[in-house]
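Numbering of ligands and ligand atoms starts at 1, following listing order.
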Amino acid sequence: MTANEMKLPVVHVINGRQKKLLQGHPWVYGNEIERVEGDVPDGGLVTVVDFRGRYMGTGFYNSRSLITVRLLTHRQEPVTEEMIAGRVRAACAYRRFVLARPGTDCCRLIYGEADRLPGVICDRFGGVVVLQVLALGMERYTQVIAETLMDCVHPDCLVLANDDAIRRKEGMECFTRVLSGTLPQETIINENGIKLSVDVTGGQKTGYFLDQKENHLFVRQFCKDARVLDCFSYIGGFALNAALAGAREVTAVDISDKAVALIERNAALNGAQIHTVCANCFDFLREQVREQQRYDVVVLDPPAFTKAHANMASACRGYKEIALSAMRLLPPGGVLATHSCSYHMPEDVFVNTVLSAAQDLHRQVRVITLRRQDIDHPVLAGYPESHYLKSLWLQMLD
Ligand code: SAH
């Protein structure tokens, strides 16, 4: 520990909140702080101690963020550019497991706190790497992160997509800038042998939901000769896998016309037949039930219904409503794959909500499996928020 580090302002955490920090949690909320000793600018480094003055970690302070301190380390070590570069290298090295999959050239390279790089998101889309810095304290390390990424990944193009509205809440500007190379007219990625055109600057998230790669693959085994409905399809990840696995008929539904246009583009890229519908899935599902339609496989992958714990009851109603409709479309033997991507929705609550739909319909179901996000969105022990995606697969028994 250098003399400089010793002199950092000190954040005292109220009694009772030290346990999660000792378990490795990287956040201190504003209401967990008892007092701050010394002057600390937003984005500056602080030492965090518990109510007895015991060292808990070193991290970035931002009074404008609900997450007032984001810890970089729980050990008494200086925070340096070398530390940040080392974390970036470790994150990229771990992704070799994903990039070794046949026909796969896309993955999340850096998943924020779970890679011990708070507020840093980085996705690789073939030759294009998209970086986002969402925490004020990390902003000054943008260059070292970008240089290390260039070194580890050698992308054709590196884009800094600092356009997420979260940045404004943290007190930063929103902008997108190409840091290296030129952005191609169209970015086409390969996911388990499937080609996908992704919109890396205008799309949702950083362009594509990479967390579903393994679940996209998993759906294939149920799709031979099946009639498949992919609700909340985005650019067609599940639908394409279903079509290429030999589905008899695939329908993909999304509310975004831009997404639907990309499903059509992606179907053409893969020589697949997909029937696309631009609609609100809540209405579409109700309509399909009214028409007494039948599907062998239904996928539900809605956006996060809740961004806060307080909205949990209404989120549960949303999950239940679409599960009820989907089950009504499934005959005995039919498969439902249903997802929740909000970390505020605990796994057991989500599972019980979906299963209660089957109970209401007096139908028994087999729980095929309960899956998660793909492994390039790693779960950090002590940081439960890093496990957010729940993927529940059911088969209707009667
Ligand atoms: N299944 C996709 C990811 C889905 S993300 C994949 O595997 O890649 C959620 C999608 O739901 C987004 O594309 C969004 O446009 C869409 N969406 C949001 N609300 C919707 C609604 N009410 N009806 C239909 N689509 C909706």
Practice problem: Name all residues meeting the side chain to side chain contact (heavy atoms under 4.5 Å, CB included) criterion together with Q293; count only those two or more places apart in sequence or in a different chain, and write none if there are none. | Solution: R227, Q288, E291, Y295, L329
Self-check item: Sub-3.5 Å N/O-N/O distance, G237 and ligand 1
Solution: no
Exercise. Please confirm whether I255 comes within less than 3.5 Å of ligand 1 when only nitrogen or oxygen atoms on both sides are compared.
Key: yes
Self-check item: 4.5 Å side-chain heavy-atom contact, R95 and Y111
Solution: yes
Practice problem: Report the member of L285, D301, V253 with the shortest heavy-atom distance to atom 2 (C) of ligand 1. | Solution: D301
Compile the donor-acceptor pairs under 3.5 Å between side chains in residues 391-398 and protein atoms, sequence neighbours left out, one pair per line.
residue, atom, partner, partner atom, Å
S391, OG, H339, NE2, 3.0
S391, OG, W393, NE1, 2.7
Q395, OE1, R366, NH1, 2.6
Q395, NE2, G333, O, 3.0
D398, OD1, Q364, N, 2.9

Side chain, backbone, both or neither: which applies to [X] and ligand 1 if a contact is any heavy-atom pair less than 4.0 Å apart?
X: A259; result: neither
X: C231; result: neither
X: C341; result: neither

Self-check item: ligand 1 contact by H216, heavy-atom criterion under 4.0 angstrom
Solution: yes
[X]: numbered ligand 1 atoms lying under 4.0 Å from its heavy atoms:
X: Y234; answer: 2 (C), 3 (C), 4 (C), 13 (O)
X: A279; answer: 23 (N), 24 (C)
X: N280; answer: 21 (C), 22 (N), 23 (N)
X: C281; answer: 21 (C), 23 (N), 24 (C)
X: S256; answer: 15 (O)

Quiz item: Are T251 and V277 close enough, and set up right, to give a side chain to side chain contact (heavy atoms under 4.5 Å, CB included), and what steps lead you there?
Solution: CA-CA 7 Å; T251 304; V277 181; 4.0 Å; yes
Quiz item: Are any side-chain N or O atoms of R248 and backbone N or O atoms of V228, one a donor and one an acceptor, separated by less than 3.5 Å?
Solution: no
Self-check item: Test side-chain contact (heavy atoms from CB on, under 4.5 Å) applied to S325 and V289, V298, L300, the passing residue
Solution: V289
Practice problem: Indicate the ring-plane relationship of H216 and Y208, choosing parallel, tilted or perpendicular according to the 30° and 60° boundaries. | Solution: tilted
Quiz item: Does the side chain of S340 come under 3.5 Å of the side chain of Y319 through a donor N or O and an acceptor N or O?
Solution: yes
